[in-house]
Amino acid sequence: MRIDIITLFPEMCDAVLNESIIGRAQKKGVLEIVTHQLRDFAFDKHKRVDDTPYGGGMGMLMKAEPIALCFEDICKQTGTRPHFVYMSPQGKTLTQKHLKELAQKENICVLCGHYEGVDQRVLDSLIDEEISIGDYVLTGGELPALVFVDALSRMAKGVLSDDLCFTEESHYNGLLEYPQYTKPQNWRGMEVPAVLTSGHHANVDRWRYEQSLINTLNKRPDMIEKKELSKEDNDFLKTYINSNKK
């Protein structure tokens, strides 16, 4: 997978994405992340990529032509047209389900907005989709882009040691993850659940799944409502709810 990031602050993105798991994946060659300084595609000596909006108003707006030129250059480099994403508070909220779909793509380009946003003509003619990481506004698109790229990259083949590293995590299958424990077995009088030290893998798997159901019910009941549960799962949750009524 190759991910290109169009930004005014490539050093900010590189500082994060060249470290830890994502950084190691790039060094191994299983992932390629390329940052592009948008100002390199500006025309004047001041390298301006913004201007005042027509109709007046507060702030400045990112100009269309530098963005278009940068994206066209990326298309030449990759020999294809990447799926073009704009990080925007007006976009659809990012979900694990959508990340699973995007992880199937070979090339993705991410545009980081700034100021009051970008010329609408860029969105109309170039952008494939707008993505938000939440209903709030930040000073720029770099932090949302880093969240998006990190979440996407870890599902690329070869980035993590095994697919189970992400397929059993919260949200991947529509449930929150089960509780986890490590040594010591007894910590300050609190014991690790006996099933986890039993050595019975089928019982461990069932316990973990049931705990995921309970965790999701208690913390994110909205997710339980959307999840297609089996009769056995529904019966288990009914029993759990009845046993915990005050």
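The model shown is predicted, which means the values in this text are computed figures rather than measured ones.
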For [Y], is there any backbone N or O sitting under 3.5 Å from a side-chain donor or acceptor partner on [X]?
X      : Y      : value
Ser198 : His200 : yes
Asp233 : Leu229 : no
Ser212 : Leu176 : yes
Arg39  : Lys47  : yes
Gln26  : Leu17  : yes
Thr78  : Thr80  : yes

Residue pair Arg206, Glu210: steps toward the salt bridge (Lys or Arg N to Asp or Glu O under 4.0 Å) verdict | CA-CA 6 Å; Arg206 183 61 200 172; Glu210 290 175 347; 3.0 Å; yes

Below 4.0 angstrom, N of the basic side chain to O of the carboxylate: do Asp128 and Arg81 qualify?
-> yes

N-O pairing of Asp4 and Lys76 below 4.0 Å | no

Would the number of heavy atoms belonging to other residues, nucleotides or ligands and lying under 6.0 Å from NZ of Lys231 be above 12?
-> no

How about Asn186: does its CG atom have over 12 heavy atoms from other parts shown lying under 6.0 Å from it?
-> yes

Which atom of Gly59 lies closest to which atom of Pro53, heavy atoms considered | O-CD, 3.4 Å

Flag for His98-Glu129: side-chain donor and acceptor within less than 3.5 Å | yes

Could you tell me whether the side chains of Asn218 and Tyr240 share a donor-acceptor contact shorter than 3.5 Å?
-> yes

What about the rings of His36 and Phe41, do their centers lie closer together than 6.0 Å?
-> no

Any chance the rings of Tyr209 and Tyr178 have centres within less than 6.0 Å?
-> no

So Thr7 and Leu38, side-chain contact (heavy atoms from CB on, under 4.5 Å) or not? Walk me through it.
-> CA-CA 6 Å; Thr7 171; Leu38 182 60; over 6 Å; no

In terms of the angle between their ring planes, are Phe71 and Phe84 parallel, tilted or perpendicular, with boundaries placed at 30° and 60°?
-> parallel

